[in-house]
> 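Have a look at this one.
Within every chain, numbering begins at 1; the chains are lettered A, B, ... in the order of the sequence lines, protein sequences first and strands thereafter.
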Amino acid sequence: MPASPTRYDPKTIEPRQQARWADANAFVTRDTGRQKYYVLEMFPYPSGNIHMGHARNYVMGDVVARHKRAMGFDVLHPMGWDAFGMPAENAAMERGIHPKGWTYDNIATMREQLKLLGLSLDWSREFATCDPEYYGKQQAWFLELYRRGLVYRKDGVVNWDPVDNTVLANEQVIDGRGWRSGALVEKRKLNQWFLRITDYADDLIEGLSTLDRWPDKVRLMQENWIGRSKGATLWWDVAEVPAFLANAPEGQPSHDRDPIEVYTTRPDTLFGASFIALAPDHKLTRTIAEHRPDVADFVKACAQTGTSEADIEKAEKLGVDLGVRVRHPFDPEKTLPVWSANFVLSTYGSGAIFGCPGHDQRDLDFARKYALPVLPVVRPDGTETVEIATEAYVGPGRIFNSDFLDGLSVEEAKAEAIRRLEASGHGKGATIYRLRDWGVSRQRYWGCPIPVIHCEACGVVEVPADQLPVVLPDDVTFDVPGNPLDRHPTWKHVQCPSCGADARRETDTLDTFVDSSWYFARFTDPTAAEPINAEAANRWLAVDQYIGGVEHAVLHLLYARFITRALSDAGMLSVKEPFAGLFTQGMVVHETYRRTDGAWVEPTDVDLSNDAGVRSARQRSTGETLIIGDIEKMSKSRKNVVAPAEILESHGVDAGRLFVLSDSPPERDVQWTPGGVEGASRFVQRVWALFDGFDPDASASDQDAALIRETHKAIKAVSEGVEGFRFNSAIAKLYAFVATVRDHDGAGGAARREALSALARLIAPFTPHLAEECWTRLGETGMVLDAAWPTYDPALAADDDVVLPIQINGKRRGEITMPRGADPKAVEAEALANPAVQAYLEANGQSIRKVIVVPDRIVNLVAG
RNA sequence: GCGAGCGUGGCGAAACUGGUAGACGCAAGGGACUUAAAAUCCCUCGACCUCGGUCAUGCGGGUUCGACCCCCGCCGCUCGCACCA
């Protein structure tokens, strides 16, 4: 007998195995010309600590990476830092630390924390986006896109915080106020840099159909975000204007001559038009407001209406008649009033609509309020007319009341209306998008400087290639609001590279989403002289499996797709889509605990008890009874955070890795529970006990066929689970397999060795430290990391006999055991002869009408 | 409002293409070992009853020999977008 089992001690074994990997440089990317596999998890922002959500994300990627490696792929699995951004500047303002020091300190801390997780990451490729080496390359391709016309400057409307003197991102505006200053945010027009993402709108939509390993949800979200809609642009000739607009001087834009442009998706309903409505900040509305106080008041009131969901819900349809009339494009004799209305958005289409109250709910609400005509022009098929009371009819049907469109279907009428509009020059078919160009200017310090120089004489001048990177100055101050780059005494004062005159360096920096839009390409050769080494990128891209949170469904994932296409068109890349496979994982959530006075209490300060199913909580430090609250995302404000470090300390890395993957499907949230980790920890001990009790020298000659069969079944199930991203199912199968191996008594023997050898390799992606230790215990000299993934033999995995349930009329009444693949006739005979079946038929006085035999599955008897 | 997803034991969940619902884990109850505890191991664990059954996958219908799975209609929850013309 082998010695009595020893306890597996993660605290000594895990560091030992990690040292072994480090000594062997085991995770440096191996490129041997085999099939490649690029696994990438969304790189972290270095906020200070690795939290449980990071851990789950990276462990998932690690399972994939280790499995692919075992499958014989050359695997690229790098890690870096999305290191520019506001928190560093906020820390600088609040604590007087330099953003650079703060960021690199955090990176150092988090790198060590990540390393403790035993991830198979190639750290030799690490970089941070705030490394001048990285952002300099970004500046280089930014200029290339500038030369290609994809970068431009224009006045854009931004959220401006008047107290902090800075632009705020939409996410930083909370209920109309700056999140830091609390000041009411103003809309301000500012000259900003934009990337022409709208050039790629169609491309980005078409590309979605090629992303068959992306979640449908994310593809749909992107499609909706781009928001392509097809319709027509119409021009309405002006018939009447107020006196103050008439007789504008020749050659100047004039509202009495220029037609009003309107976009519609329903040109088929044009004969039902009863008014035109302009946005409150439409240029004609504003011009009239200069002459009419009532219009000016209206515009002002609209500007103050909130844009939150609740505000919009409550907001009444309001408008004002502008005193202008326009001619109907299909009937010049017919004129319509022009209003300004609060529900028309200046940012969509041309900021003007035609109102067709019969077939648009908003238009109807508006028409009813201001007593405008309602003329229905679409009737449902099979009816002669349609009554419009308080609900517009928006369904399909036939056109009527519409002259030459009468009798056509909605779709036919759209096409015919556009044809007529184009013929008369009053309109044309048009496609418009919700997507707008990407404003990338930030008036902030801690970001990638935009590499241009403004010269009085030459205009915008590129920073010459030999002067890149444009490096951020270190000597900046954060004691006053605003952009430290702009008030730096010398940094922005330069000579024009073109004419040599005094010039001004651009002080805006790039949105940090630019930084994360190409890092995956840089990882393929992070030291290349060019931004992207084409050969390396060609070898490794696209990313085969990308893993991250769904919160980036439109932002990062759309930007990265755009930049990839732009760089590809610039000849720097040869893929159009950066991420061939995408997986969006769920969050790690935890129960919350509050005192009766409402204060949150950390889990480490909570004693839980469970008496016959009734759970209660007490505060450990005070003994006070606590309220068990909702299960929510781990957050500092709720204090329901469990740090990965605590788990490593108490149960070891492997138990923690196992648990975050075992309890829920990867795409769903997983609830962290102390009991759950203990369960995983017990499993680790059980596995070790199997290996520790194994005697490699014992040479039992019996072949345990059942154990071999179970082994092959487990290989099949675990492999399928890992490949299908069903890690929880794979782990459940491993638990069951371990119980099976344990139940097959014996210290040695060939079957047992085969079972344990497979087990060590199957657990390796999940609990790599334990797996190494077990592998060594089997007498193997190499690392399980490099061992081939076990293969299963379908013949060996199949049971000889199958238990077939017998149903009568769909209810289970008995079962028979038959050889696998038995002749259906034989199965039928056996089923009919079954005593339970006979008893049932006799008791109910029924006879068999029909027999359905599903081979090796089930027998159903239809009786009556 | 529009779009998408999800509703299965006390809890997290499983059931792959329609074929034995509840694998695996947690919690709970009982037992073994121990002076005791921890650890470990064994048993029970959807509900109800006459212990052979009956009812059970949000609710109501339908298709099918057979439905957690497909179809129709509701209810509830979550997420995304939102006065998008």
Side-chain angles (χ1 to χ4, degrees), chain A residues 5 7 215-225 227 229 231 262-266 269 277 279 305 307 309 311-313 315 317 341-345 347-356 360-363 365-366 432-434 550-551 553-554 608 610-615 631 658-659 662-665 667-680 682-683 685-686 689 717 720-721 724 726 728-739 742 803-815 849-864:
Chain A
R7 218 171 146 69
D216 290 343
K217 177 180 159 182
V218 174
R219 291 194 290 178
L220 194 63
M221 280 165 74
Q222 292 212 352
E223 194 175 335
N224 291 340
W225 184 266
S229 87
V262 158
Y263 176 78
T264 182
T265 55
R266 296 297 303 272
T269 63
T305 312
T307 50
E309 187 180 329
D311 290 337
I312 289 165
E313 201 85 0
K317 303 276 175 287
N342 63 345
F343 64 89
V344 181
L345 303 175
T347 52
Y348 188 77
S350 56
I353 63 159
F354 78 78
C356 177
D360 183 285
Q361 192 59 43
R362 282 168 330 196
D363 296 350
D365 294 345
F366 190 76
I432 67 166
Y433 303 88
R434 209 185 73 105
V550 74
E551 66 273 18
V554 281
L608 289 168
N610 191 338
D611 296 317
V614 180
R615 302 183 66 233
I631 296 157
L658 200 59
F659 177 64
S662 68
D663 229 29
S664 291
E667 68 276 13
R668 233 183 277 180
D669 292 349
V670 65
Q671 187 189 345
W672 186 272
T673 59
V677 201
E678 279 157 27
R682 278 197 283 273
F683 174 76
Q685 294 298 341
R686 279 202 299 274
E720 287 172 355
R726 293 189 302 271
N728 55 327
S729 296
I731 292 169
K733 201 67 212 175
L734 284 170
Y735 275 68
F737 181 51
V738 164
R742 193 179 47 182
V803 176
L804 297 176
I806 303 171
Q807 293 184 341
I808 300 175
N809 296 335
K811 294 256 181 247
R812 189 174 182 278
R813 298 294 172 193
E815 63 181 38
R849 299 268 165 90
K850 191 177 172 187
V851 180
I852 293 145
V853 177
V854 183
D856 297 337
R857 280 279 184 173
I858 201 166
V859 181
N860 196 13
L861 307 175
V862 185

> Between B:A39, B:C41, B:A14, which nucleotide gets closest to the side-chain atoms of A:R7?
B:A39
> Send over the distance from A:L861 CG to B:G19 P, rounded to a whole Å.
18 Å
> Using the P atoms only, state how far B:U57 lies from B:A67, rounded to an integer number of Å.
11 Å
> Show me the side-chain donor-acceptor pairs of residues 670-679 of chain A shorter than 3.5 Å, one per line, residues at least two apart or across chains.
residue: A:T673; atom: OG1; partner: A:G676; partner atom: N; Å: 3.1

> Looking only at atom P, what distance separates B:A56 and B:C51, rounded to whole Å?
22 Å
> Under 4.0 Å, heavy atoms only, any strand: does A:Y263 hit a base, just the sugar-phosphate, or nothing?
base
> With side chains defined as the heavy atoms from C-beta onward, is the minimum distance between A:E223 and A:R219 less than 4.5 Å?
no
> If a pair means Watson-Crick or G-U wobble with both distances below 3.5 Å, what does RNA chain B look like in dot-bracket form, with | marking bases paired to a different strand?
(((((((..(((......[....))).(((((.......))))).((((..))))..(((((..]....))))))))))))....
> When you match A:I432 and A:L220 each to their closest nucleotide on RNA chain B, which lands nearer the 5' end?
A:L220
> Taking atom C1' of B:A82 as reference, at what distance in whole Å does atom CE of A:M221 sit?
13 Å
> If anything within 90° of 0 is syn and all else is anti, what is B:G46?
anti
> Would you kindly give the CD-to-C1' distance between A:E678 and B:U40, to the nearest whole Å?
15 Å
> Which residues, if any, of residues 849-857 of chain A bring a heavy atom under 4.0 Å of RNA chain B?
A:I852, A:V854, A:R857
> Can you check the distance between B:G61 and B:C75, where both ends of the measurement are the C1' atom (answer in whole Å)?
15 Å
> Among B:A85, B:G53, B:C24, which nucleotide sits nearest the side chain of A:Y735?
B:C24
> Counting distance alone, no hydrogens or angles: does the base of B:C79 have a donor or acceptor under 3.5 Å from a partner atom on the side chain of A:K217?
no
> Just checking A:S729: base, sugar-phosphate only, or nothing, at a heavy-atom cut-off of under 4.0 Å?
sugar-phosphate
> With a 4.5 Å limit on heavy-atom distance, are the side chains of A:N809 and A:V862 in contact?
yes
> Distance check: side-chain N/O of A:R362 vs OP1/OP2 of B:C84, anything under 4.0 Å?
yes
> Could you please name the option among B:C41, B:A85, B:A14 that lies closest to any side-chain atom of A:R686?
B:C41
> At under 4.0 Å, does any side-chain N or O of A:R726 touch on OP1 or OP2 of B:C16?
no
> Using a cut-off of 4.0 Å on non-hydrogen atoms, how would the nucleic acid contact of A:G679 be classed: base, sugar-phosphate, or nothing?
sugar-phosphate
> Which listed nucleotide (B:A23, B:C65, B:U20) is nearest to the side chain of A:V862?
B:C65
> Hey, does the side chain of A:R434 come within less than 4.0 Å of B:A82's phosphate (OP1/OP2), counting only N and O?
yes
> Without swapping roles, check the side chain of A:S664 against the backbone of A:D669 for a donor-acceptor pair under 3.5 Å.
yes
> Does A:I858 have any side-chain contact (heavy atoms from CB on, under 4.5 Å) partners at least two apart in sequence or in another chain, and if so, which?
A:P805, A:Q807, A:V854
> Using a cut-off of 4.0 Å on non-hydrogen atoms, how would the nucleic acid contact of A:S662 be classed: base, sugar-phosphate, or nothing?
nothing
> Need one value for A:G675: base, sugar-phosphate or nothing, where a base atom within 4.0 Å counts as base even if backbone is also close, heavy atoms only.
sugar-phosphate
> Whole angstroms only, please: what is the CG-C1' distance between A:L734 and B:G25?
13 Å
> For a quick test of reading the model, state the closest non-hydrogen atom pair linking A:D363 to A:I353 and the distance between them.
OD1-CD1, 3.6 Å
> Could you give the CG-to-P distance, from A:D216 to B:C79, as a whole number of Å?
20 Å
> To the nearest 0.5 Å, what is the distance between CG (A:L861) and CD1 (A:I806)?
6.5 Å
> Look up atom NZ in A:K317 and atom CD in A:Q361, then write down how far apart they are to the nearest 0.5 Å.
9.0 Å
> In whole angstrom, give the distance that lies between atom CZ of A:R812 and atom P of B:C55.
15 Å
> Looking only at atom P, what distance separates B:U78 and B:G46, rounded to whole Å?
30 Å
> Measuring only the C1' atom in each nucleotide, how far is B:C81 from B:C70? A whole number of Å is fine.
30 Å
> Taking B:G58 as the reference, what is the distance to B:G53 when you measure between their C1' atoms (whole Å, please)?
27 Å
> Categorize A:V670 for me: base, sugar-phosphate, or nothing, with a 4.0 angstrom heavy-atom threshold over every strand shown.
nothing
> With the side chain counted from C-beta on, respond yes when A:S662 and A:F683 share a heavy-atom pair under 4.5 Å apart, and no when they do not.
no
> Atom CD of A:Q671 and atom C1' of B:C11: how far apart are they, to the nearest Å?
8 Å
> Can you tell me how far P in B:G29 sits from the matching atom in B:G73, rounded to whole Å?
47 Å
> Are any of A:R742's side-chain N or O atoms less than 4.0 Å away from OP1 or OP2 of B:C41?
yes
> Whole angstroms only, please: what is the CG-C1' distance between A:L804 and B:C65?
16 Å
> Expressed as a whole number of Å, how far does the P atom of B:U40 sit from that of B:C49?
36 Å
> Report yes if at least one side-chain N or O of A:R682 is closer than 4.0 Å to OP1 or OP2 of B:C26; otherwise report no.
yes
> When all nucleic acid strands are considered with a 4.0 Å heavy-atom cut-off, which category describes A:N860: base, sugar-phosphate, or nothing?
base
> May I ask you to decide if the ring planes of A:F343 and A:F366 are parallel, tilted or perpendicular, using 30° and 60° as cut-offs?
perpendicular
> Any idea which of B:U20, B:A85, B:A13 is nearest the A:P665 side chain?
B:A13
> Do you know which two heavy atoms are closest between A:Y348 and A:R434, and how far apart they sit?
CE1-CA, 4.1 Å
> Excluding sequence neighbours, so at least two apart, what forms side-chain contact (heavy atoms from CB on, under 4.5 Å) with A:R266?
A:T264, A:D268, A:T269, A:V378, A:V410, A:K414
> Considering only side-chain heavy atoms of A:A732, which listed nucleotide, B:C79, B:A23, B:C81, is closest?
B:A23
> Can you name the side chain to side chain donor-acceptor pair (under 3.5 Å) partners of A:D360, sequence neighbours left out?
A:R362
> With a 4.0 Å cut-off on heavy atoms, is A:R813 in touch with a base, just the backbone sugar-phosphate, or nothing at all?
sugar-phosphate
> OP1 or OP2 of B:C24 sitting under 4.0 Å from any side-chain N/O of A:N728?
no
> Taking for each residue the nucleotide of RNA chain B with the nearest heavy atom, is it A:S350 or A:I731 whose nucleotide lies nearer the 5' end?
A:I731
